[in-house]
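So that we are looking at the same thing, I have put the structure below in structure tokens.
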Amino acid sequence: MTESRPGLDQGKESETVTIWVNGRMVRVPAGTVLASALLHLGILYTARSVSGQLRGPLCGMGICFECRATVNGQPLMRTCQLVCHEGLRVEIAQADQEAQA
Amino acid sequence: MAVEAYDLAVAGAGIVGAACAALAAEAGLRVVLIEPADVASGATAAGMGHVLVMDDSPQLLRWTHFCRQLWLELESELPARVEFRRTGTVWLAASGGAMQQVASKAEKLRAHGVDCAVWGAAELREAEPALRADLEGGLYVPDDVVLYPPAAAEYFVNRARWFHARMRFGQSVTELLRGKLRLSDGSTVVAERCLLANGYGVRQLVPWLPLEPRKGHLLITARMTPVVHHQLIELGYHDSVRAPGSHSVAFNVQPRVTGQLLIGSSRQHGVADRDVDWTVVQRMAQRAREFLPSFADQPIIRIWTGLRVAAPDGLPVIGYCDEESRTLVATGHEGLGITAALGTAQFVVNLLLGQPTPLPAEWFAPLRFTGSASFQELHCD
Amino acid sequence: MTEAQVELLVVGAGPAGIAAACTAAESGVQVAVLDDNPDVGGQIWRGEKRSAPSSLAAPWLERAAKASGIQWLTGWAAVGPDGPHALLALPPGGGQLVRVAYQKLVLATGARELFLPVPGWTLPGVFGAGGLQALVKGGWSVAERRIVVAGSGPLLLAVAAYLQQTGADVVLVAEQAPWSKVSRYAMHLLLTQFAKFRQGVRLRRTVRSTPYRVGCWPVRILGREQVEAVIFSDGVRRFQESCDLLACGFGLVPNTELGELLGCQRAAGRLAVDRWQRCSVPHVYAAGEVCGIAGVECALVEGQIAGYHASGNLTAAGRLCRKRDRLRRFAGQLHQAFALRDELRSVPDPHTIVCRCEDVTLGQVREQMSWRAARLQQRCGMGLCQGRICGPALEFLFGWKDRSIRPPLFPVPLGALADEMSPKSDLPSSEKSPSASHSECSTRRLSP
């Protein structure tokens, strides 16, 4: 995900960080919000609801918890409120990545 | 408009008031249930929903054993929403010499016919692997129950309705008059007898009752894969200080059907405010982390407080509180209101019908606090 | 737990919080600004300091960067009040709770979007309007995706224009308010707020290839595992629009939760404030959207009033009151124009999920008599978001208002609650300011 995007400083475009998504190494532009990075990777759903429905981010601003994931071992983190940093590890327990690919 | 007359007006639709209303209506009494807010919105909602046998005193042991039995008999009738589960209680031996306490507790319970088993370290570990490894063992009481109190209270309200009880919600009882009571909207309800089952609120109408609030905090986690299977309580839970203003904290954790863990418990004597006290929360969290070390990362999503109501002698206050036998109270359960709801209902209805109470009526009689000699003697233990 | 002390604590680093912090700091007050978001700017200025900031944002961001004596605590989650003069907060990355003691507090907690339950709204690919914009600003490219923007309010057009500029294919903007009201509002803008009118026209021109339909609203969202189409109604006829993503919001809701925990009075869903932006609780101010939705200009003015007043500069605060009152009046027009229509109440069916956290349906909730009963008997609003999404929806649907707020404001790990209080310390030194680079501020751990 290196194409130019609005909202990111062009001068920083070359700077990337490495994050780990379910054990897979991914490079993302520095400053990318984690939820946005996951969406960009095609992961549209991050959680499964109480009754088993697939859910993805809704509010984008830290309110709804639908974008929750385990980040650096801490469960139920709101990925929309986190910025990717070097070495960040995110586990998306419920998302079936094959289905989303 | 014709004035409706009732045999019994019940103030408070918590689990105790609702159970009393249901049983009285079932017994053929004309009942009205009066509640200022929602069903189970007071101490019933704030509590844990643990039905257990307590052995603090011989009276309490007999009482809670009797009460639990009524719940066990009701199990098949309860809707799934009540989340009735015989999880059992495990009393944990946490400190040196605690296994001795386990043994003496087991002896006491067995003497009263309460089924229980002493677990050593290995058995405990197998049953509850999430607990810290160095515990010496515990006492397993298999027939203790975990349930969801607000749903149980609603079940009793519906049952009362089924037996033609009337509901006056949005109203509280403001004044007791002869043969009737006044509600907060100014209206009166004609009722031969009145049962005050509104917890700490009883004090407003019967100010001479020596009721004391004991504030408690509870924490609840988010949903997770269930890893705790029984209600877990640190032994010596009731040994803690009881000075006014002091507080005590003990490990007490309950697995909910949702996969959430309800974490207790604290006891602050004489504190009636409902604010969250973070130093108490901190101690509760520390205790929980000590016993369940792998839970440190588990998010707590909600913290709340509730008021237990207690009498000085640690026994409930159930019975008539006036010479004319018009007004009854049912309060002072001190954190055992869920356990005692059905037993209290039985007790109250027997009093109303003039039948013998399941346990000696003097034990719990409110008039024991009026200073009369006969009551003093009963309570010299 | 550690303890830190500031003279003025500002919660929320959006326009109101920035304005309050700057004015107070420039008067010599020692200020800390705490915000759950990874960066300053709030929702409206999200990402602006990295791209070219708007003409409104630029001077404030610059002023914030220059002001000395402000500590920017971004990525810090407020946990709850600890007495009247302290707030517990969780620094980014977890760790120990910090008890931030303050003499005065400004609540600039902003607003969130109003979501109304629509059959199918839980499908992945359904976002808030501002929500989708935030995620795109965060780095998600939606280029060439077909997007429907629906709901209500001026935000819809702004979001549509933004998405279009990023290369998205915005296929429809659907506003529930009727033409009569929207046009009256446009006329009002033309006559009284020409700059805003021009801004609206510019936005409309940006998405000129996209139909802007008024008087229609989503009644069903279709899709198997993610959104595929939306069915709209205009009250008479229904029509279907295919899309890859739906951005849907019905206006904004003030974030009053912290104020409520502090005991501040609420009125009509917002925090009640006096002429000086003071709440009903002494030493607590509120500014911006948390006092009622009125837009960024009003937030800036209110933030300044609060900041000036909190630092004892009553003259400066007083000079801004008339401007604030005018902007508030203007906001009243907006609320009338975009008032939600009654038909929206009959959009969800009994099977529609209302509480997304606990999967409680409208049918289950409707049996209950109150919020409290719905909470106790159906677990509605008892999940992770603590009723922040379903609460305002139920207030709209049933008029239920008595949503009780419990700490923590956001989930806190058990271990963080358990940590021992260590001796008093300073807040992390303010290396970080709005001018610092984005990646630096969000990755740095700010534990003292």
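Below, each value reflects all heavy atoms present in this structure, side chains not excepted, and no hydrogens, waters or symmetry copies. Proteins come first, then strands; the chains are lettered A, B, ... in the order of their sequence lines, and each starts at number 1.
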TODO: Measure the shortest side-chain to side-chain distance between C:I147 and C:D244 over non-hydrogen atoms and say whether it is less than 4.5 angstrom.
DONE: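 C:I147 vs C:D244: side chains apart.
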- [ ] Could you have a look at C:Q226, C:Q133, C:E358, C:R356 and say which one has the most heavy-atom pairs with chain A under 4.5 angstrom?
- [x]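 Most heavy-atom pairs under 4.5 Å with chain A: C:R356.
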Open item on the list: For the residue pair A:R68 and C:F410, would you count it as a cation-pi contact if the rule is NZ or CZ under 6.0 angstrom from the ring centre and within 45 degrees of the ring axis?
Closed with: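 Geometry flag: not set, cation outside 6.0 Å or 45°.
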TODO: Check whether any side-chain N or O of C:W45 sits under 3.5 Å from a backbone N or O of C:L61 as a donor-acceptor pair, and report yes or no.
DONE: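 No, because the side chain of C:W45 does not come within donor-acceptor range (under 3.5 Å) of the backbone of C:L61.
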Task: Selection from C:E113, C:Q43, C:Q386 maximising heavy-atom pairs under 4.5 Å formed with chain A - done: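 Most pairs with chain A among the choices: C:Q43.
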TODO: Run the salt-bridge test on C:R112 and C:E289 with the 4.0 Å N-O cut-off and return the result as yes or no.
DONE: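 So C:R112 does not pair with C:E289 through a salt bridge.
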Task: Residues from residues 56-63 of chain A approaching chain C under 4.5 Å (heavy atoms) - done: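 Within residues 56-63 of chain A, the residues under 4.5 Å from chain C are A:G56, A:P57, A:L58, A:C59, A:G60, A:M61, A:G62, A:I63.
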Task: Contact winner vs chain C - A:C80, A:A35, A:C64, A:C67, heavy-atom pairs under 4.5 Å - done: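 Heavy-atom pair counts peak at A:C64.
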Open item on the list: At a heavy-atom distance under 4.5 Å, which candidate from C:N37, C:D36, C:I389 has the highest pair count against chain A?
Closed with: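 The residue among C:N37, C:D36, C:I389 with the greatest pair count is C:D36.
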- [ ] Determine, for C:D359 against A:R55, whether the closest basic-nitrogen to carboxylate-oxygen distance falls under 4.0 angstrom.
- [x]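 Yes, charged N to carboxylate O under 4.0 Å.
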Open item on the list: For A:V26, run the side chain to side chain contact (heavy atoms under 4.5 Å, CB included) check against A:V21, A:T18, A:L88 and tell me which one passes.
Closed with: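 Option passing the side chain to side chain contact (heavy atoms under 4.5 Å, CB included) with A:V26: A:V21.
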Task: Contact class of A:Q81 relative to chain C, heavy atoms under 4.5 angstrom - done: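 Both backbone and side chain.
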Task: Intermediate values then yes/no, side chain to side chain contact (heavy atoms under 4.5 Å, CB included), C:L245 and C:F127 - done: CA-CA 8 Å; C:L245 304 171; C:F127 299 88; 3.8 Å; yes
Task: Test item: side-chain donor near acceptor, A:Q53 and C:T122, under 3.5 Å - done: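 Present: a donor and an acceptor within the cut-off.
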